[in-house]
Amino acid sequence: MSKRVLIVGIILLGVVVGGVFMLRATGESFIREVTQDVVIAPVRPETIKGIGIPAPAGELADFDGARIEIADLFDAPLIVVFWTTWNPHAADTLGVFDEYAGRAAELSVSILAVNSQEEGRAVRAFLDRGGYKTRVLLDESGAVGQSYDIQTLPVVYFIGASGIVRGIKTGVPDRAVLESGIEEMIKASGEVKN
């Protein structure tokens with residue numbers, strides 16, 4: 001009986017070791033394939049399409065689960081940033097918008113941060129930890145981001161009161177980027193007044 005147990009043990013050990021080896025070999029390949037799709041490469045501004053066309057509509061959610069049609073926010077000039085908490089520049093991006101909120105209000109420009117494809121609880125925890133005040137809506141399915149053809153995060157859209165995209169900036173914006181984006185809205189449409 002002990003020989004039989006020993007043989008079965010050796011066979012099981014061989015199966016386990018072989019299985020671990022196969023899982024590791026195929027798992028690394030699978031992880032490489034998945035991460036290739038997740039890596040977000042920088043995009044040159046000239047490759048981004050959308051300036052001068054109507055901003056896509058779509059539904060976003062607030063933290064209470066209420067659905068908000070993004071087109072309903074186009075009644076005034078709007079700065080929209082698509083972002084995510086896993087991006088190392090997320091905190092910098094939200095900090096810039098928090099600092100710029102007063103100036104935007106003076107210009108009658110609204111600011112909206114759209115979180116891309118994350119669960120509301122995780123986003124809320126991130127915002128609470130940082131003490132951020134910028135209005136955030138959730139694009140949990142990624143449908144709105146897809147309609148904007150998001151290729152990199154963060155990306156900022158300057159949308160005029162008529163709902164027309166007046167400018168697009170990639171990366172973490174600073175005050176100068178926000179000011180120039182608003183100037184582009186002014187030049188393009190005269191929709192913002194000092």
Side-chain angles (χ1 to χ4, degrees), residues 1-50 55-70 80-98 111-157 168-174 177:
M1 187 76 164
S2 64
K3 265 184 156 179
R4 193 176 239 175
V5 172
L6 181 62
I7 292 172
V8 170
I10 291 172
I11 291 172
L12 285 175
L13 181 62
V15 169
V16 168
V17 169
V20 167
F21 176 76
M22 290 298 294
L23 182 59
R24 182 174 181 159
T26 59
E28 286 177 7
S29 171
F30 177 72
I31 289 170
R32 259 187 259 113
E33 287 178 29
V34 170
T35 56
Q36 284 177 345
D37 292 340
V38 174
V39 172
I40 299 176
V43 178
R44 294 186 319 263
E46 63 270 16
T47 66
I48 299 174
K49 296 179 174 90
E59 282 191 344
L60 299 168
D62 66 12
F63 289 102
D64 296 322
R67 306 302 294 175
I68 295 155
E69 178 61 50
I70 196 167
V80 178
V81 61
F82 287 88
W83 68 286
T84 187
T85 64
W86 57 260
N87 184 296
H89 303 294
D92 296 337
T93 302
L94 292 178
V96 167
F97 280 100
D98 278 359
I111 295 175
L112 173 65
V114 177
N115 179 270
S116 182
Q117 300 183 24
E118 292 184 281
E119 185 181 83
R121 286 183 303 190
V123 176
R124 171 53 64 202
F126 179 87
L127 296 172
D128 289 346
R129 277 193 312 271
Y132 302 110
K133 304 294 182 222
T134 299
R135 182 179 186 193
V136 174
L137 293 178
L138 306 170
D139 183 19
E140 289 180 325
S141 70
V144 174
Q146 187 173 16
S147 69
Y148 276 76
D149 194 26
I150 300 300
Q151 299 176 29
T152 187
L153 294 171
V155 60
V156 181
Y157 284 78
I168 303 170
K169 304 290 182 193
T170 59
V172 177
D174 58 16
V177 165

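These numbers come from the heavy atoms of this one structure, side chains and all, not from hydrogens, waters or symmetry mates. Bear in mind the structure is a predicted one, so any value in this text is a computation, not a measurement.
Gly95 and Tyr132 get closest at one heavy-atom pair: N-CE2, 3.9 Å. Across all non-hydrogen atoms, the minimal contact from Leu60 to Val144 is CD2-CG2, 3.6 Å. The minimum heavy-atom distance linking Ala57 with Glu69 is given by the pair CB-OE2, 3.1 Å.
Between the CZ atom of Arg135 and the CG atom of Asp62 there is a distance of 7.5 Å, given to the nearest 0.5 Å. One finds the CD1 atom of Ile70 at 4.0 Å from the OH atom of Tyr148 (value rounded to the nearest 0.5 Å). Note: Thr85 OG1 to Arg129 CZ = 8.0 Å, rounded to the nearest 0.5 Å. Taking CZ of Phe126 as the reference point, atom OG1 of Thr84 lies at 9.0 Å (rounded to 0.5 Å). Atoms CG and CG, from Asn87 and Asn115 in turn, are 11.0 Å apart once rounded to the nearest 0.5 Å. Atom CZ of residue Arg67 and atom CG of residue Leu138 lie 9.0 Å apart, to the nearest 0.5 angstrom.
When the shell of 6.0 Å around CD of Glu59 is examined, it contains more than 12 heavy atoms from other residues, nucleotides or ligands.
With Val80 as the partner, the side-chain contact (heavy atoms from CB on, under 4.5 Å) test is satisfied by one option alone out of Val155, Ile168, Val156, Val114: Val114.
A heavy-atom distance below 4.5 Å is found between the side chains of Ile150 and Tyr157. Two residues are said to be in side-chain contact when any heavy atoms from C-beta on lie closer than 4.5 Å; Trp83 and Val123 meet this criterion. The closest side-chain heavy-atom distance from Val136 to Phe97 is not below 4.5 Å. A heavy-atom distance below 4.5 Å is found between the side chains of Phe63 and Leu127.
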Requested in this report: Give the C-alpha distance, both sets of side-chain angles, the deciding distance and a yes or no for side chain to side chain contact (heavy atoms under 4.5 Å, CB included) between Thr93 and Val81.
Outcome: CA-CA 9 Å; Thr93 302; Val81 61; 3.8 Å; yes
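Between the Asp92 side chain and the Val96 main chain, no donor and acceptor come within less than 3.5 Å of each other.
Judged as a side chain to side chain contact (heavy atoms under 4.5 Å, CB included), and not counting sequence neighbours, Ala122 has no contacts.
There is a side-chain donor-acceptor pair under 3.5 Å between Thr134 and Asp98.
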